[in-house]
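One structure is given here, and the rest of the page talks about it.
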Amino acid sequence: MTGTVELVGTVQKCLFKNNENGYMVFLLAVNAKETVTVTGCFPDVHEGTRVSLEGTWQFNPKFGKQFAATKCSVQLPQTANGIEKYLASGLIKGVGPVFARKLVSHFGERTLDIIDTAPHRLSEVSGVGPKRIEQIVAAWQEQKEVSRVMVFLQEKGVGTGLASKIYKAYGATSIETISKNPYKLIEDVWGVGFKSADTLALKLGFVPNSMPRIQAGVVFSISTALDEGNLYKVVADVLTHAAELLELSYEQNEVLIKQAMRALYEANKIRVVTFEGQHYATLPQYYYAEVGIAKKLRAFSSNMSQKFSFDIDAAYKTVSAVPLVGVQLNDEQQLGVIGCLKHKVSIITGGPGTGKTTLLKSLLQVLDQQHVTVKLAAPTGRAAKRMFEGTGRSTETLHRMLEFSPATMGFTRNEQNAIQADFVVVDEASMIDVFLMHSLLKALPDRAHLVLLGDVDQLPSVGAGNILHDLINSGVVNITRLKHIFRQAQDSLIIVNAHRVNNGEFPSSKGIWETSKKDFMYIKQEAPEELFDFLRKFFATTIKQYHCVWQQAVILTPMNRGIAGTQRINQELQMILNSEGAKGPTVTRFGQEFRVNDRVMQVRNNYDKFVFNGDIGFITAINVEDQEITITFGERALVYQYLELGEIVLAYAISVHKSQGSEFDVVVIPLFVQHFMLLQRNLIYTAITRAKKLCVLVGQTRAIAMGVRNVKGNQRLTFLQQFLTGALPL
């Protein structure tokens, strides 16, 4: 069964499709009596499509004789039956099986020609108005262009899922744009990495040691450090890593690689900082954001800044008495309130149960008494909701407070249009990355005070930078550290164990007092494969004992891949917790099936929809005919096109990093040695502090001990501290 042969036929039925790489298995009708199984990666073919294939016959031990296609050209179907199947497959938005039958019944074999050349005639079919005709015409033209782009990219080894994203980014100019500079895809198309763009570039004829290719490798090498939260990378490491990425000998190409880096520097496409004799590289936007933060904070601390006048004596009387919040502040908290009034920029940091919210409520009481205008904000919607619940005050996300504009992809509030407030308080400040902090400071009026609340021992921001950590270590802003754990908080094993982990101690299921809440469990489990049996039983029985439902619970794990990673756990929990969803309409995109009632998470910022990386919602409707899916985030129902589903993942399980700023009634944390690359103290600490009613730590004792001992998690390569202290010039 060897030798390349040609095969022509009509796609009868799709048996399997991976939208991420375009791999398909389908039945091909080669004549009225003969049907064969075809496998391979294809452009976006549908049932009813007439195709011409090149490939070889192979024998699969399980499935028998199959045709493995290596090339595919698509032809439009010619018969009425084929056209109906073609349209009913969901190819054109607004045309489903019922409407496809009506169209073909009316126009017969001329249906596709009518849609293409005389769409006004579609009004001859009952129930078709101008709006629907417009929708069908637009979808038809788009699918024609998408098919052209997909065929071009398929020849270059690009899958259909990625081809769809490319078309969405560039439209009719897709082929021209990527032929000129395929590395542009890394910046413009979410999900495209250097390897994909580089493979495409080589197939388009780029020379391996060409200057554009080497420059792209240098920039990507720097980007890898940024993706890990660092703001800089040692220049020597950039050079050798770039050569490795490009599969070039560094010794033979050292001069070229250094020339590429020099050209990038002279074109201001990279920045270089020298500190203590070592050279570090970054991208300009990161450098200018960090320097901008330092300049703003130093200006706020100088005499040039306007000062807001407070009655400190009156404030001290308020906080030293039993305040309206109903709790006597301890000395740390009292000093914290007064410090916020005396200093332009203050940080309040402390672990769970140390009274950050109580301090904030007392501060707000003082500010109310002195008629000060206050704005409260947090980095995410979930964190803002928690802040509102804790204070009873109106709270918004930083993006809303800074008035993000999707049209300009920037914030409306800035130096020329400052926030209208005398006092700005931001919670969950450990989540703020370098860009958000820079935008916040630019929008802060000179007269205003800024208070940042956060737990510096938690994981740093998902985005680049280590803002809270660097500000505290610089010593240039007012710091209040809350260390005392209040008696009420000590009743919770969740809080006690969070502090134990933060102090380098192994968590315990035993409380300080007999009356301590039984809200923490440690389940020893040596085999990761046994996790799913545990989860099945846990959701069937244990969670009900705490009067909770699965929608209030989450699995927090360090990694996305592996047996105990989010991807595998999500697949299992979808079957366990949402089997009913499979009985209704479903959609499979990018290798993932989505069902009604699935909990999902947005994994990139979508400014058009005003939904952000880490936001969690539930699928409330799937419209197969219009190729739309409705996801409800809180009280907002947002409609996603099928092509946008690459931005969405299942969220029965999420990574610990994605859980920052959130709280869940029930949290299960699986930890195994296979997670060793990410096992660190602040990760376990952050995960435990996400739980409100019950925290279950399940896994290997050795893995947990490894994580508790590892304190390297807060280390990131940044220079904000040095810029603030003057160790580096601004």
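Atoms considered below: every heavy atom in the structure, side chains included; atoms not considered: hydrogens, waters and symmetry mates.
- Of the options I569, V667, L531, a side-chain contact (heavy atoms from CB on, under 4.5 Å) to I555 is made by I569 and by none of the others.
- Taking the six-membered ring where tryptophan is involved, the planes of F67 and W57 are perpendicular, since the angle between them exceeds 60° and thus also 30°.
- Residues F26 and C14 share a closest heavy-atom pair of CB-CA, 3.9 Å.
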Side chain to side chain donor-acceptor pair (under 3.5 Å) between E647 and Q602, intermediate numbers included
CA-CA 6 Å; E647 301 179 6; Q602 180 81 15; 2.8 Å; yes
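- Note: R599 CZ to W550 CH2 = 6.0 Å, rounded to the nearest 0.5 Å.
- The shortest side-chain heavy-atom distance between L679 and N710 does not fall under the 4.5 Å cut-off.
- Judged by distance alone, the side chain of R382 and the main-chain N or O of G614 form a donor-acceptor pair under 3.5 Å.
- The shortest distance between side-chain heavy atoms of L231 and R716 does not fall below 4.5 Å.
- Between F612 and F610, the ring centre distance stays below 6.0 Å.
- Using a 4.5 Å heavy-atom cutoff, the side chains of I669 and R690 are not in contact.
- Listed here is the closest heavy atom pair of A637 and T630: CB-CG2, 4.1 Å.
- The closest donor-acceptor contact from the side chain of S430 to the backbone of Q458 lies at 3.5 Å or more, if one exists at all.
- Looking at heavy atoms from C-beta onward, H499 lies in side-chain contact with P352 at the 4.5 angstrom threshold.
- For F594, there are no ring-ring contact (aromatic ring centres under 6.0 Å, His included) partners two or more places apart in sequence or in a different chain.
- For F538, the ring-ring contact (aromatic ring centres under 6.0 Å, His included) test picks out F534, with sequence neighbours left out.
- The pair E580-K583 counts as a salt bridge, with a side-chain nitrogen and a carboxylate oxygen less than 4.0 angstrom apart.
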Just do the side-chain contact (heavy atoms from CB on, under 4.5 Å) check on Q567 and V649 with the steps written out, would you?
CA-CA 9 Å; Q567 295 173 0; V649 297; over 6 Å; no
Check the pair E428 / R386 against side-chain contact (heavy atoms from CB on, under 4.5 Å), numbers first and verdict last.
CA-CA 10 Å; E428 294 288 356; R386 287 179 58 198; 3.1 Å; yes
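- The existence of a salt bridge linking K195 and D198 is excluded, since no basic side-chain nitrogen approaches an acidic carboxylate oxygen closer than 4.0 Å.
- M706 has its side chain within reach of R709: a pair of non-hydrogen atoms, C-beta onward, lies under 4.5 Å apart.
- Enclosure of atom CZ in R702 is not indicated, since only 12 or fewer non-hydrogen atoms of other residues, nucleotides or ligands lie within 6.0 angstrom.
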side-chain contact (heavy atoms from CB on, under 4.5 Å) for Q58 and T39? Distances and angles first, verdict last.
CA-CA 10 Å; Q58 295 182 353; T39 66; 5.7 Å; no
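- The heavy-atom pair separating I543 from A553 by the smallest distance is CD1-CB, 3.7 Å.
- What you find for F520 and P507 is that their closest heavy atoms are CZ-CB, 3.8 Å.
- Between the side chain of T380 and the backbone N or O of A383, at least one donor-acceptor pair lies under 3.5 Å.
- Within the 3.5 Å criterion, the main-chain N or O of L694 finds no donor-acceptor partner in the side chain of D665.
- Distance alone, capped at 3.5 Å, places no donor-acceptor pair between the E228 side chain and the A225 backbone.
- Distance alone, capped at 3.5 Å, places no donor-acceptor pair between the E530 side chain and the Q525 backbone.
- With values rounded to the nearest 0.5 angstrom, N597 atom CG is found 11.0 Å from Q574 atom CD.
- Of the possible polar contacts, none joining the E396 side chain to the A377 backbone as a donor-acceptor pair under 3.5 Å is found.
- R681 places a side-chain heavy atom less than 4.5 Å from the side chain of V501.
- For the atom pair I523 CD1 and M521 CE, the distance stands at 6.0 Å (nearest 0.5 Å).
- Nearest heavy-atom pair across Y685 and D457 is CD2-O, 3.5 Å.
- The shortest side-chain heavy-atom distance between V666 and Q552 does not fall under the 4.5 Å cut-off.
- With values rounded to the nearest 0.5 angstrom, Q660 atom CD is found 9.5 Å from T689 atom OG1.
- Although no hydrogens or angles enter the test, the distance criterion places a donor-acceptor pair under 3.5 Å between the side chain of K356 and the main chain of G350.
- The distance from atom CG of D598 to atom CD1 of I619, rounded to the nearest 0.5 Å, is 5.0 Å.
- Side-chain contact check for D519 versus C695: every heavy-atom pair is 4.5 Å or farther apart.
- Listed for the K692 side chain is no donor-acceptor partner under 3.5 Å among the backbone atoms of E663.
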Kindly indicate, with the supporting measurements, whether the criterion side-chain contact (heavy atoms from CB on, under 4.5 Å) is fulfilled by D433 and V462.
CA-CA 7 Å; D433 64 25; V462 174; over 6 Å; no
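- N560 places no side-chain N or O within donor-acceptor distance of the main-chain N or O of T566, the cut-off being under 3.5 Å.
- Annotation for A653 and N570: closest pair N-OD1, 2.7 Å, computed over non-hydrogen atoms.
- Atom CG of L683 and atom CG of L678 lie 7.0 Å apart (nearest 0.5 Å).
- Counted within 6.0 Å of CZ on R481, heavy atoms from surrounding residues, nucleotides or ligands total 12 or fewer; the atom is thus considered open.
- For the side-chain contact (heavy atoms from CB on, under 4.5 Å) test with V587, the passing option among V624, L645, N623 is L645; the others fail.
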